[in-house]
Asks: 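My questions will all concern the structure given below.
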Amino acid sequence: MTINTDLKILGNANKQVWGSSHPKNIFIRSIKRIGKNKTLGAFRVMQGEGMGFSWVTLTTALPVCAQLTALHSGKEIHGQIVKSRKNADVPLLNSLMDMYAKSGEIGYCKKVFDRMHNRDLTSWNTMLAGYSINGQINEAWALFDEMIRSSIKPDGITFVALLSGCSHSGLTSQGQRLFNAMEDYGEQPSLEHYACLVDILGRSGKLEEALNVAENIPMRPSGSIWGSLLNSCRLHGNVPLAEIVAKRLFEIEPNNPGNYVMLSNIYANAGMWEDVKRVREMMAMTGIKKDVGCSWIQIKHKIHTFVAGGSTNFRRSAEYIKIWNELSNAIKDLGYIPNTSVVLHDVNDDMKATWVCEHSERLAAVAALINTGAGMPIRITKNLRVCGDCHSWMKAVSKVTKRLIVLRDTNRFHHFQNGTCSCKDYW
DNA sequence: ATAGGGTTAG
């Protein structure tokens, strides 16, 4: 059955009912489970057929835009809200804020927040988490203070947002103090908060302290506790601890490919190629496959996806080669040289340079440069974390092209502008 | 109906 016939059937049913159980809303929700791209497509078809929408429809469609970084579509929905001249309710504005925050447009997010007549705890938490993932930790703290001054009682989500923000901006002691102060605000730390604390300590290099916390958590530890610690071992090159941590982690999450890759990276960084091989064999034996690294951009209504090393037709196209060569020359003058140490494989340097230059976010960046007007910001979303060399490359490219590049990875943002990044290189 | 924790080699 096509989307169109579904919509026709739905369009004739219960025209008057507009609650969350309205068929239109159930339709959008069920499509959402099938695929994000399909949801936005279905929503557009609904609009094309003059079917209208309720606030619930939009509140279901906006999180899809948020997840996809489909800012273009999200803005269109915002336009629909404005055009309808009705007062949007709190959940709708909350999801609108979140869509802006997850598209890296924290300014718009704040604007919506400021103009809300009523706010609930979700509004505050959304704003706070938005600051946090966009690396604006000072603004997050200021908002938290304002929350407390306004006698709004924070909940567990509030603390997750702030603690993870501290962790990613290197506010180690401040994060620790907040964790210890949680009970003063009437919140008992849960596993999620312990995971943040372990991350705060480990990321800043306090590996022993982090291990101590992880081992004494008064509840059954989750994969994210040991996963965070393993990542900290990777950041600080601690192989012996990594081996202890990995053992615990694999007991909890034997099927998470990321964990194996991380351990393999730790060995590769230390030049322990035999152990790298051993981890790979472990993966091959259990049939675990790494997720493919991919990046995407939205141009008009279409989402364009790029896979590392793939998209051969695109990489061979004249327009790609032209832009790539121009960029390469310009950033070389800035002093950019591919840092091949991020390619953790036992191959020669030329091969490494080739691989690192084919990471999906670079392909997406070139495509965005080709398909968007001069001076327009470039928004890229990646399903994995960015590698160190792509981070340097983006900085250089933002400078030579005079473009703002907003790169969102699994859960954080990098805003590159004029050769620097909002994360201040702590990540 | 809306907000939340670590991470992915070739």
Asks: Please state how far atom CG in A:L229 lies from atom P in B:dG5, giving the value in whole angstrom units.
Replies: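 Checked: the CG to P distance equals 18 Å.
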Asks: Answer yes or no: side-chain N or O of A:S224 and base N or O of B:dG6 forming a donor-acceptor pair under 3.5 Å.
Replies: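 There is none.
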Asks: Below 3.5 Å, does any donor atom in the side chain of A:S222 face an acceptor in the base of B:dG5, or the other way round?
Replies: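 Yes, the side chain and the base share a sub-3.5 Å donor-acceptor pair.
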Asks: Considering only side-chain heavy atoms of A:A195, which listed nucleotide, B:dT8, B:dG5, B:dA1, is closest?
Replies: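 Nearest to the side-chain atoms of A:A195, counting from C-beta on, is B:dG5.
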Asks: For A:H168 and B:dG6, is the shortest distance between a side-chain N/O and OP1 or OP2 below 4.0 Å?
Replies: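 Yes, within the criterion.
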Asks: Rounding to a whole Å, what distance do you find between A:D199:CG and B:dT7:P?
Replies: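 Checked: the CG to P distance equals 6 Å.
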Asks: When you get a sec, tell me which of B:dG5, B:dT8, B:dA3 is the closest nucleotide to the side chain of A:T122?
Replies: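 The nucleotide sitting nearest to the side chain is B:dA3.
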Asks: Over all strands shown, is A:K277 touching base, sugar-phosphate only, or nothing at heavy-atom distances under 4.0 angstrom?
Replies: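 No contact.
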Asks: With sugar-phosphate meaning primed atoms plus P, OP1 and OP2, does A:S123 contact a base, only sugar-phosphate, or nothing at under 4.0 Å between heavy atoms?
Replies: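 Nothing, no nucleic acid heavy atom in range.
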Asks: Whether the side chain of A:T126 and the base of B:dA3 hold a donor-acceptor pair under 3.5 Å is what I'd like checked.
Replies: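 For A:T126, whose side chain was compared with the base of B:dA3, there is no donor-acceptor pair (under 3.5 Å).
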Asks: Could you check whether A:H414 and A:W427 have their ring centres less than 6.0 Å apart?
Replies: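 Aromatic pair counts; centres sit under 6.0 Å.
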Asks: Checking only heavy atoms, does the side chain of A:N231 share a donor-acceptor pair with the base of B:dT7 at less than 3.5 Å?
Replies: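 Such a pair does not exist between side chain and base.
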Asks: Under 4.0 Å, heavy atoms only, any strand: does A:M99 hit a base, just the sugar-phosphate, or nothing?
Replies: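 The answer is nothing, as A:M99 stays clear of every strand by at least 4.0 Å.
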Asks: Decide, yes or no, whether a salt bridge links A:E215 with A:R248 under the criterion of side-chain N to carboxylate O below 4.0 Å.
Replies: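 The answer is yes: the pair qualifies as a salt bridge.
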Asks: Rounded to whole Å, how long is the line connecting atom CG of A:L93 with atom P of B:dA3?
Replies: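 Rounded to the whole Å, the gap is 14 Å.
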Asks: Just compare B:dA1, B:dT7, B:dG5 and give me whichever is closest to any side-chain atom of A:M262.
Replies: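 The listed nucleotide nearest to A:M262's side chain is B:dT7.
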Asks: Using a heavy-atom cut-off of 4.0 Å across all strands, would you classify A:I225 as base, sugar-phosphate, or nothing?
Replies: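 No contact.
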Asks: Nearest to the A:N411 side chain among B:dG6, B:dT8, B:dG5, which nucleotide is it?
Replies: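 The listed nucleotide nearest to A:N411's side chain is B:dG6.
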Asks: Just checking A:D98: base, sugar-phosphate only, or nothing, at a heavy-atom cut-off of under 4.0 Å?
Replies: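 Sugar-phosphate: the residue A:D98, judged by heavy atoms under 4.0 Å, touches backbone atoms but no base.
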Asks: Once you round it to whole Å, what is the distance between P of B:dG4 and CG of A:L163?
Replies: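 That distance rounds to 15 Å.
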Asks: When you measure only distances, ignoring hydrogens and angles, does the side chain of A:N259 come within 3.5 Å of the base of B:dG6 through a donor and an acceptor?
Replies: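 It does, because a donor-acceptor pair links the side chain of A:N259 to the base of B:dG6 below 3.5 Å.
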Asks: Salt bridge check: are A:E139 and A:K110 linked by an N-O gap of less than 4.0 Å?
Replies: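 Not counted as a salt bridge, because no side-chain N and carboxylate O are separated by less than 4.0 Å.
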Asks: Calculate the interatomic distance between A:E361 atom CD and B:dT8 atom P; express it in whole Å.
Replies: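 The answer, rounded to whole Å, is 11 Å.
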Asks: Determine the interplanar angle of the A:Y320 and A:W324 rings, folded into 0 to 90°, and report it as parallel if under 30°, tilted if 30 to 60°, perpendicular if over 60°.
Replies: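 Because their plane-to-plane angle is under 30°, the rings of A:Y320 and A:W324 count as parallel.
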Asks: Whole angstroms only, please: what is the CZ-C1' distance between A:R248 and B:dG6?
Replies: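 So the CZ-C1' distance, A:R248 to B:dG6, works out to 16 Å.
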Asks: Rounding to an integer number of Å, can you tell me how far A:N125 CG sits from B:dG5 C1'?
Replies: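 Between C1' of B:dG5 and CG of A:N125: 14 Å.
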Asks: With ring centroids as reference points, do A:Y185 and A:F144 lie under 6.0 angstrom apart?
Replies: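 Under 6.0 Å, so yes.
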Asks: Any idea which of B:dA3, B:dT2, B:dT7 is nearest the A:R385 side chain?
Replies: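 Given the options B:dA3, B:dT2, B:dT7, the side chain of A:R385 is closest to B:dT7.
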Asks: Tell me whether the OP1 or OP2 atom of B:dG4 has a side-chain N or O from A:K102 closer than 4.0 Å.
Replies: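 Checking A:K102 against B:dG4: at least one side-chain N or O falls below 4.0 Å of OP1 or OP2.
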Asks: Looking at A:N94, I'd like to know whether one of its side-chain N or O atoms comes within less than 4.0 Å of OP1 or OP2 on B:dA1.
Replies: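 Negative; the distance criterion is not met.
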Asks: Taking the side chain of A:P91 as heavy atoms from C-beta outward, which of B:dT7, B:dA1, B:dG5 is closest to it?
Replies: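 Nearest listed nucleotide: B:dA1.
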Asks: Does B:dT2 have its OP1 or OP2 closer than 4.0 Å to a side-chain nitrogen or oxygen of A:R119?
Replies: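 Answer no for this pair, as no side-chain N or O of A:R119 is under 4.0 Å from OP1 or OP2.
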Asks: Would you call the rings of A:Y260 and A:F250 parallel, tilted or perpendicular if under 30° counts as parallel and over 60° as perpendicular?
Replies: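 Ring orientation of A:Y260 relative to A:F250: parallel.
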Asks: Show me the pairs that pass salt bridge (Lys or Arg N to Asp or Glu O under 4.0 Å) and involve residues 93-102 of chain A, at least two apart or across chains.
Replies: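 Listed by first then second residue: A:D98-A:K102.
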Asks: Just the rounded figure in Å: distance from P of B:dA3 to CZ of A:F113.
Replies: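 In whole Å, B:dA3 P and A:F113 CZ are 16 Å from each other.
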